[in-house]
4 protein chains.
Amino acid sequence: MASRGVNKVILVGNLGNDPEIRYMPSGSAVANITIATSESWRDKATGEQREKTEWHRVALFGKLAEVAGEYLRKGSQVYIEGQLQTRKWQNQQGQDQYTTEVVVQGFNGVMQMLGGRQGGGQGQGMGQQQQQQGNWGKPQQPAAAPQQNFAPQQQQQQAPQQQAPQQPQQQYNEPPMDFDDDIPF
Amino acid sequence: MASRGVNKVILVGNLGNDPEIRYMPSGSAVANITIATSESWRDKATGEQREKTEWHRVALFGKLAEVAGEYLRKGSQVYIEGQLQTRKWQNQQGQDQYTTEVVVQGFNGVMQMLGGRQGGGQGQGMGQQQQQQGNWGKPQQPAAAPQQNFAPQQQQQQAPQQQAPQQPQQQYNEPPMDFDDDIPF
Amino acid sequence: MASRGVNKVILVGNLGNDPEIRYMPSGSAVANITIATSESWRDKATGEQREKTEWHRVALFGKLAEVAGEYLRKGSQVYIEGQLQTRKWQNQQGQDQYTTEVVVQGFNGVMQMLGGRQGGGQGQGMGQQQQQQGNWGKPQQPAAAPQQNFAPQQQQQQAPQQQAPQQPQQQYNEPPMDFDDDIPF
Amino acid sequence: MASRGVNKVILVGNLGNDPEIRYMPSGSAVANITIATSESWRDKATGEQREKTEWHRVALFGKLAEVAGEYLRKGSQVYIEGQLQTRKWQNQQGQDQYTTEVVVQGFNGVMQMLGGRQGGGQGQGMGQQQQQQGNWGKPQQPAAAPQQNFAPQQQQQQAPQQQAPQQPQQQYNEPPMDFDDDIPF
DNA sequence: TTTT
DNA sequence: TTTT
């Protein structure tokens, strides 16, 4: 696949509703979500605090759709990278209608759940045991870690020589990072 | 102004038509352009080369709109950074319609003309008279180079009365946020 | 200010340490943070799970630096938008060294704290009272919500003397570029 | 492959030199290029036009490296999407050194040549036959013959009053920038 | 409707 | 319809 031009959308926002999942005849999943982004400012004239929310239709396909269906819920905060796509359809009066969506699909599509299980707080003297679950819904299967970008599976091939063992991820998807690692600066 | 979330669109593509410019009652300019991005691929089943073009509505405001009107033309290649915005309106039957646009405005808006005016080449010993027009339209004023990020300058327009001198942002001799700059338009 | 070209970095990751804050002679703040992004994959050859973490130096200036100092802590998850900058310096042996940082500053700089105070979860039957504070450090001032894009407010700092009232950007009742905004810090 | 976090760099700029291509033992190609992005502004204190150029090291892998080697040349304008990566190495004194690069690889890597075959101009009534070859290097294979345009705008911008004739373009597309500058690597 |  |  080749492309002339760049068509990229980046969103960080919260879901307005639980995802709607459906399946193609092929068995492939599609998830539709709506994401809110908002801006707030003080109105100069009235001095009032004002806010404007923009709602975005997002369609995820394939593996990302499955992850969305499993882990995202109304209110979940999410990072989305996709492309703009406008579909033409006809309403009941037979009139052309256009709907623009952010399509998250294939290699360029990214979906990352944010907030995770709450990190941070140590600097605040917060015990970890007090930290409650966060941003994501309860997985159907306890198994895998949801916060993923599934696009680049090919990456594997690029560094096959790397052999270091790793411990399994926790079910609430802890930051896999080891902050005591040697930060190289 | 504050925002919760990120709402960002990045496009690189070509204009389908000359820009349409209009002016607000305040005198501020608005430019509407349509930008094509396309993808091509070989169809696995048929072996044919296929292509799909996506058209994007883009609305530029303020100084960027003026620049677009002056320098962009049908076919011009452009880099756009803006945000998604869906407007609701009513058609002649009184039915609600929604239109999604990429709005390029204020600090986060960027418009960069690409491909340049065909020039360069001094290092190659080339004379300018042989250089032909490039990607951009002919400016009304022959003078300065158009390829710029005008985001900051838009500020000028919003509050042209701001004439207070500004100190450099920091001591590192960085580019200051220089709203009074009069170049190049 | 004008620019030829685009120089943009987008990061979503977790802080490796508490921010380090210092102040310029002008009183302007600078915050240095390190952010980790990581990738994990299953090694095809061995079947093991592997992970690689990339550490990023990020320097925030002005208002964003102050917000970072107040609210970010080791482990905090954050969205960053800035630009690449390579500084040259000399080590104790007098040799040239180069350090590349992501500079978050001015109009194009964005810093958004992620994860918030724990939202979501309602769809899961989670009582809100059980939700604990999340991803951010405890603010010095109890007041306002930190998750914001402070880019515009930085302007305030650069030219705090600018007090002239501003008219709305356009008649559409858009968020004005509102530098005098006093929220939330 | 999965990732926690986002690590993304977007650049639009011009090559400081022809690409350097080498091949891995596997036969896979690697291309190293340097890309300039610049900002210009008028210095408030002195009234002088000032400019700062940032140079970026970019490493492309695989197919994109081959394309870069074939079509890109010193001065070519290019869109790059990749990720930040810092490598540690040792200099001849055995001291640790760090080099940060933009790695363009795999699914998330994008490289698009800009400027293309010149669009625009029609609205200006300019004849196409006058258009000169452009932004890309001469392909090894006659097949894809990219043409077109180029930009000395920067020069123009620094000294817009310059009207001196410029020399004709060569087929390898000269840089608009002053590449005799010290590239800091 | 662009571009290749 | 989210979030703060």
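Reminder, nothing fancy here: chain letters follow the sequence lines and each chain counts from 1. Note that the structure is a prediction, hence the values are computed from the model and not measured.
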Rounding to a whole Å, what distance do you find between [X]:[atom1] and [N]:[atom2]?
{"X": "Q77(A)", "N": "dT4(F)", "atom1": "CD", "atom2": "P", "value": "9 Å"}
{"X": "E51(A)", "N": "dT3(F)", "atom1": "CD", "atom2": "C1'", "value": "8 Å"}
{"X": "R57(B)", "N": "dT1(E)", "atom1": "CZ", "atom2": "P", "value": "15 Å"}
{"X": "Y79(A)", "N": "dT2(F)", "atom1": "OH", "atom2": "P", "value": "25 Å"}
{"X": "L11(A)", "N": "dT1(F)", "atom1": "CG", "atom2": "P", "value": "20 Å"}
{"X": "Q112(D)", "N": "dT2(E)", "atom1": "CD", "atom2": "P", "value": "19 Å"}
{"X": "L114(A)", "N": "dT3(F)", "atom1": "CG", "atom2": "P", "value": "15 Å"}
{"X": "E54(A)", "N": "dT2(F)", "atom1": "CD", "atom2": "P", "value": "16 Å"}

Tell me which nucleotide among [options] gets nearest to the side chain of [X].
{"X": "T34(B)", "options": "dT1(E), dT3(E), dT1(F)", "value": "dT1(E)"}
{"X": "S38(A)", "options": "dT1(E), dT3(F), dT1(F)", "value": "dT3(F)"}
{"X": "R4(B)", "options": "dT4(F), dT1(F), dT2(E)", "value": "dT4(F)"}

Give one of base, sugar-phosphate or nothing for S40(B), where a contact means two heavy atoms less than 4.0 Å apart.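 Counting heavy atoms under 4.0 Å across all strands, no contact is made by S40(B).
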With a non-hydrogen cut-off below 4.0 angstrom, is T53(B) in contact with a base, only sugar-phosphate, or nothing?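 Answer is base: heavy atoms of T53(B) come under 4.0 Å of a base.
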Check: dT3(F) base within 3.5 Å donor-acceptor of N14(A) side chain: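 Not at all, since no donor on one side and acceptor on the other fall under 3.5 Å apart.
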Say whether, by atom type as modelled, one donor and one acceptor occur between the side chain of Q112(D) and the main chain of S3(A) under 3.5 angstrom.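 Side chain of Q112(D) to backbone of S3(A): a pair is present.
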Side chain to side chain contact (heavy atoms under 4.5 Å, CB included) against L84(B), all qualifying residues, sequence neighbours excluded: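 Partners of L84(B) by the side chain to side chain contact (heavy atoms under 4.5 Å, CB included) criterion, ordered by chain and then number, come out as V9(A), H56(A), L84(A), V102(A), N7(B), V9(B), T100(B), V102(B).
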With sequence neighbours left out, what residues match T53(B) under side chain to side chain contact (heavy atoms under 4.5 Å, CB included)?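 Listed in chain order: A36(B), S38(B), E51(B), W55(B).
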Ignoring hydrogens and angles, state whether a donor on the side chain of Q83(B) or T37(A) is under 3.5 Å from an acceptor on the partner side chain.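 Side-chain D/A pair, Q83(B) to T37(A): absent.
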Test side chain to side chain donor-acceptor pair (under 3.5 Å) on T86(A) and E101(A); report intermediate values, then the result. CA-CA 6 Å; T86(A) 298; E101(A) 291 172 314; over 6 Å; no
State whether the aromatic ring of W55(B) stacks on the base of dT1(E), taking stacking to mean ring centres under 5.5 Å apart and ring planes under 30° to each other.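 One would call W55(B) stacked on the dT1(E) base.
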